[in-house]
Every structure is written in structure tokens, then in C-alpha cells.
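Everything below concerns the one structure shown next.
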Amino acid sequence: MATSYQTARHYALSLPETTEAPHHHFGSFRVAGKIFVTIPPEATHLHLFVSETDREQALVLYPGFIEKLYWGDKVCGLRLLLAAAPAKAVNALILQAWRHKASKTLLKQHPTLQAGA
């Protein structure tokens, strides 16, 4: 049931135009320079930057391994506990974060990765 960091990393890097780069003391995955996932140094969690709608839906669907991610007092994304999350859900949330940051042009180039596809 648990998803490893390496499994999540492999999926994130399989998405078009995704790069991996440091972000302060975290790791990150980016599309066109925009961060869609960060990884704390211990690699036990993912921080996912999804739309507000996707965030609220994930909080309802996955209360066992998802919580709000705060930047000060503001909710800015999701914090996902890898040890409790099935790979299918992790991949779906990574894809949602990628879609949220990818350009419209890039999304049009990859219709199978668009929402509802």
C-alpha cells in the first residue's frame, strides 16, 4: 500500500518537460520552471501544489494520508504521507499538481494528461 519516494520520483519525472532541482533544502519537480511538488529532506512526504478545487477534493477523499500544507497562515497545497498512500492516489495527485502548473500549450500537446482524459 505504501508508496516509496523513488516510485513517486519516477512518476513525476515521466511527465512531459519535468525537471528535478533543489529548492532551498528541499528537492523539487518543476514544469517550465514552475514548482509542482517539493520533497522535504527526509523524503517521507510530498508537498503538492494543486488547484484549490483539487486540494479540497483530495482532503475529503484521502484523509488518512493528506493534510493541508501551510505557508504561514495561508493554505498553499497538500502534504502527503508516502508511507500511508497507495501509488495510484500519489500518481493522480502528482498529475493534478503538474496540470495545475503546466502551460495551456503543453497541456494541448498531451491531451491524454488533461483532466477528464
Just so I know, are the side chains of [X] and [Y] near enough to count as touching, which here means a heavy-atom distance under 4.5 Å?
| X | Y | value |
| --- | --- | --- |
| Phe29 | Ile94 | no |
| Val31 | Leu106 | yes |
| Leu93 | Gln96 | yes |
| Phe36 | Thr18 | yes |
| Pro16 | Leu113 | yes |
| Ser4 | Leu82 | no |
| Ile35 | Phe49 | yes |

Look only at the side chain of Thr38 and the backbone of Phe26, and say whether a donor-acceptor pair between them is shorter than 3.5 Å.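 A pair under 3.5 Å: no.
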I'd like to know if the side chain of Gln114 reaches the main chain of Leu107, judged simply by a donor and an acceptor atom lying under 3.5 Å from each other, with no hydrogens or angles considered.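 Yes; at least one donor-acceptor contact below 3.5 Å.
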Please answer: with hydrophobic residues joined when any side-chain heavy atoms are less than 4.5 Å apart, are Leu61 and Leu48 in the same cluster?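 Yes; Leu48 is reachable from Leu61 via cluster members.
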Same cluster or not: are Val75 and Leu69 linked, directly or through other Ile, Leu, Val, Met, Phe, Trp or Tyr residues, by side-chain heavy atoms under 4.5 angstrom apart?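 Not linked; separate clusters.
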Full working for side-chain contact (heavy atoms from CB on, under 4.5 Å) between Glu17 and Gln109: CA-CA 11 Å; Glu17 298 187 28; Gln109 292 171 353; 4.2 Å; yes
Mind checking the [atom1]-[atom2] spacing from [X] to [Y]? Nearest 0.5 Å is all I need.
| X | Y | atom1 | atom2 | answer |
| --- | --- | --- | --- | --- |
| Ser28 | His47 | OG | NE2 | 12.5 Å |
| Ile39 | His23 | CD1 | NE2 | 10.5 Å |
| His100 | Thr53 | NE2 | OG1 | 9.5 Å |
| Lys101 | Leu15 | NZ | CG | 15.0 Å |

Hey, mind stepping through Leu59 and Lys68 against side-chain contact (heavy atoms from CB on, under 4.5 Å) and telling me if it holds? CA-CA 8 Å; Leu59 288 165; Lys68 292 178 182 179; 3.7 Å; yes
Do Glu20 and Arg30 meet the salt-bridge criterion of a basic N to acidic O distance under 4.0 Å?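 Judged by the 4.0 Å cut-off on N to carboxylate O distance, Arg30 and Glu20 do not form a salt bridge.
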Taking it one step at a time, do Tyr62 and Leu80 satisfy side-chain contact (heavy atoms from CB on, under 4.5 Å)? CA-CA 9 Å; Tyr62 309 119; Leu80 180 145; over 6 Å; no
Pair Tyr5, Thr44 - check side-chain contact (heavy atoms from CB on, under 4.5 Å), show working. CA-CA 7 Å; Tyr5 164 69; Thr44 57; over 6 Å; no
Residue pair [X] / [Y]: nearest heavy atoms and the distance that separates them:
| X | Y | value |
| --- | --- | --- |
| Ala2 | Ala83 | CB-O, 3.1 Å |
| Tyr70 | Gly72 | CB-O, 3.6 Å |
| Val90 | Ala8 | CG1-CB, 4.0 Å |

Tell me whether Glu52 at atom CD has more than 12 heavy atoms from other residues, nucleotides or ligands lying less than 6.0 Å away.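 Counting other residues, nucleotides and ligands, CD of Glu52 stays at 12 neighbours or fewer.
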